[in-house]
J.: 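Pasting a structure below so you can have a look.
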Protein chains: 2
Amino acid sequence: MLKLSKKADYALMALQYMAMVRSGETSPFNPNRIVNTKEIAEEHHIPLELLAKVLQTLAKFDMVESQNGPKGGYLLAREPREITIAQVLEAIEGPLGIADCYHEKDEHVSCEQIEHCNIRTPLLRVQESIFHLLSSMSIEDMMAEPPLIIVESRKTKGVQL
Amino acid sequence: MLKLSKKADYALMALQYMAMVRSGETSPFNPNRIVNTKEIAEEHHIPLELLAKVLQTLAKFDMVESQNGPKGGYLLAREPREITIAQVLEAIEGPLGIADCYHEKDEHVSCEQIEHCNIRTPLLRVQESIFHLLSSMSIEDMMAEPPLIIVESRKTKGVQL
DNA sequence: GTCAGTCAAGACTAAAATGGTCGGAGATCT
DNA sequence: AGATCTCCGACCATTTTAGTCTTGACTGAC
Ligand code: SF4
Ligand code: SF4
């Protein structure tokens, strides 16, 4: 439950990797270099074709830029701190909502029991909190892995319901 | 994405309803009365058979108590405030985890790329926050719907990452 | 004791979402 | 021109979800 999909997982991994490359952490003399799908796939042992599709989606949402042709690949389209987890998830999985009764576009697909639902309002609060939390964390916040520095400030600020 | 299943939805609705009945809000002279599956299903327009299964599960997890025979049914097994959303979700959907690499029981089902994963630690923080949020909200907190009172105190206290 | 009303438990199906694959069309570098 | 590489959409297999059905066991009222 509440598990994010493989695709979302892959997207986050790829973005984090690209952010690391870009910052020069992997190849100090060559920041901002372009990475291609294969590199990311092999690095993380994920199926190439699937990652490709994920990256395409990310490109469509302007989170990465694609460069075609040989020596082509992807690079981040924005600052790592400007890419939030919420944005990534929404790009990959569509608008996120804890229940089907919120953003359900065309008002007729909505929930059967919306008229007699007693938990809609409280659940909305939960959803907002989760969304807030996810929006308060960016790719940059995910770049401190091996030592895991304390990234208290930004996140704490964001989440108080 | 992050959408909770119908069954979870139904479970929360049923519990909230039972809590309301119990508090005497629906039938003032008869608090603590037993409600049966059919009543809940009709009240909320949800398929009876499915709700039955959900309630069975809840009974197995000691969130409700079942009474057999005519005029039988269910009633809450604990105080509404002692039943958190997290508990309900875990009962219905199994242990909740944002990624497959945590509580994945027998260490061999786990994620393929766990060895080369760069986002595991940061994601764990996110998961803990969400879990904390879900644990800080109980059925009791969901009982103020029409007016929606401000239930700031308890929840705010719980969520600071 | 019978009997109707209720929970319990499982098998079963249909439909949707997920995870993953393929192949061709374009782009671009050498 | 040719070799790479991304792009895009179609495709398939498996799993999950939602819902149904059947059977059985328990209980209280009559
Ligand atoms: S049941 Fe209530 S909360 Fe769940 S989707 Fe329908 S309206 Fe929203
Ligand atoms: S990819 Fe990383 S975070 Fe996602 S499940 Fe595997 S180990 Fe956990």
Side-chain angles (χ1 to χ4, degrees), chain A residues 1-11 13-14 18 33-42 44-75 77 89 92-97 99-100 104 109 111-113, chain B residues 1-11 13-14 18 33-42 44-75 77 89 92-96 99-100 109 111-113:
Chain A
M1 185 57 204
L2 285 185
K3 201 178 52 182
L4 40 76
S5 67
K6 283 288 181 201
K7 285 200 277 191
D9 225 8
Y10 296 159
M13 277 193 283
M18 290 165 76
R33 65 176 257 261
I34 281 187
V35 300
N36 64 19
T37 310
K38 193 156 88 177
E39 175 181 345
I40 304 180
E42 284 175 354
H44 297 86
H45 298 81
I46 59 190
L48 177 82
E49 315 285 348
L50 189 48
L51 176 63
K53 208 155 54 170
V54 168
L55 288 174
Q56 285 168 34
T57 312
L58 290 181
K60 210 174 313 183
F61 280 79
D62 292 321
M63 328 204 74
V64 298
E65 272 171 19
S66 71
Q67 178 103 13
N68 230 337
K71 281 332 284 160
Y74 291 93
L75 70 158
L89 261 44
I92 300 295
E93 314 264 359
L96 46 82
D100 339 287
E104 274 304 328
V109 210
C111 174
E112 280 287 322
Q113 40 273 130
Chain B
M1 186 58 203
L2 285 184
K3 203 179 51 184
L4 39 76
S5 67
K6 283 289 181 200
K7 283 201 278 192
D9 226 8
Y10 296 159
M13 277 192 285
M18 290 164 75
R33 64 175 257 259
I34 281 187
V35 299
N36 64 18
T37 311
K38 193 156 86 177
E39 174 182 344
I40 304 180
E42 284 175 355
H44 298 85
H45 298 81
I46 59 191
L48 175 84
E49 315 284 349
L50 189 47
L51 176 63
K53 214 157 45 173
V54 167
L55 287 175
Q56 282 172 36
T57 312
L58 289 180
K60 213 174 311 183
F61 280 78
D62 292 321
M63 326 203 77
V64 298
E65 271 171 20
S66 71
Q67 177 106 10
N68 230 338
K71 279 326 290 159
Y74 293 93
L75 67 156
L89 261 44
I92 299 294
E93 315 263 359
L96 46 84
D100 340 286
V109 209
C111 175
E112 281 286 322
Q113 40 273 130

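Proteins come first, then strands; the chains are lettered A, B, ... in the order of their sequence lines, and each starts at number 1. Heavy-atom basis, side chains included; hydrogens, waters and symmetry copies ignored.
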J.: To the nearest 0.5 Å, tell me how far A:I34 CD1 sits from A:E39 CD.
T.: 11.0 Å
J.: Side chain of A:K71, base of C:dT30: donor and acceptor closer than 3.5 Å?
T.: no
J.: Tell me which nucleotide among D:dA10, C:dC7, D:dA18 gets nearest to the side chain of A:K53.
T.: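 Among the listed nucleotides, the one closest to the side chain of A:K53 is D:dA10.
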J.: Expressed in angstrom and rounded to an integer, what is the separation of A:L58 atom CG from D:dT6 atom C1'?
T.: 14 Å
J.: Rounded to whole Å, please give me the gap between CG in B:L50 and P in C:dA8.
T.: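 Rounded to the whole Å, the gap is 15 Å.
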J.: B:L55 CG to C:dT6 C1': how many Å, rounded?
T.: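 Those two atoms, CG and C1', are 12 Å apart.
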J.: Is there, by distance only and without an angle test, a donor paired with an acceptor across the side chain of A:K7 and the base of C:dG19 below 3.5 Å?
T.: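 Between C:dG19 and A:K7, which were checked side chain against base, a qualifying N/O pair under 3.5 Å is absent.
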J.: Of the listed nucleotides (D:dA18, C:dT21, D:dC5), which one gets closest to any side-chain atom of B:K6?
T.: D:dA18
J.: Tell me: CD of B:E42 to P of C:dT6, nearest whole Å?
T.: 10 Å
J.: Within a reach of under 6.0 Å around NZ of A:K6, are more than 12 heavy atoms found that belong to other residues, nucleotides or ligands?
T.: yes
J.: Expressed as a whole number of angstroms, how long is the span from A:Q56:CD to C:dC22:C1'?
T.: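 It is 13 Å, rounded to the nearest whole Å.
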J.: Rounded to whole Å, please give me the gap between CG in A:D100 and P in C:dA17.
T.: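 Value for this atom pair: 11 Å.
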J.: Return the NZ to CG distance between B:K7 and B:L55, rounded to the nearest 0.5 Å.
T.: 12.0 Å
J.: Rounded to whole angstrom units, what separation is found between the CD1 atom of B:I92 and the P atom of D:dA18?
T.: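 It is 11 Å, rounded to the nearest whole Å.
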J.: In whole Å, what is the span from the CD1 atom of A:I34 to the C1' atom of C:dC29?
T.: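 So the two atoms are 12 Å apart, to the nearest Å.
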J.: Is B:S66 near enough to C:dT6 that one of its side-chain N or O atoms lies under 4.0 angstrom from OP1 or OP2?
T.: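 Answer is no, no contact under 4.0 Å.
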J.: Using side-chain heavy atoms (C-beta onward) and a distance below 4.5 Å, is B:I40 in contact with B:L48?
T.: no
J.: Below the 4.0 Å mark, does C:dC7 have OP1 or OP2 next to a side-chain nitrogen or oxygen of B:T37?
T.: yes
J.: A:Y10 side chain N/O closer than 4.0 Å to the phosphate oxygens (OP1, OP2) of C:dT18?
T.: no
J.: Please check if the side chain of B:Q113 supplies one atom and the backbone of A:H45 the other of a donor-acceptor pair under 3.5 Å.
T.: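 Here the side-chain-to-backbone pair exists.
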J.: Among C:dA8, C:dT21, D:dC21, find the nucleotide with the atom closest to the side chain of B:E49.
T.: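 Selected nucleotide (nearest to the side chain): D:dC21.
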J.: Under 4.0 Å, heavy atoms only, any strand: does A:K38 hit a base, just the sugar-phosphate, or nothing?
T.: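 If one applies the 4.0 Å heavy-atom cut-off, A:K38 turns out to touch nothing in the nucleic acid.
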J.: Side chain of B:P70, heavy atoms from C-beta onward: which of D:dT6, C:dG5, C:dA8 has the nearest atom to it?
T.: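 Selected nucleotide (nearest to the side chain): C:dG5.
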J.: State whether A:N68 places a side-chain N or O below 4.0 Å from either non-bridging phosphate oxygen (OP1 or OP2) of D:dC5.
T.: no
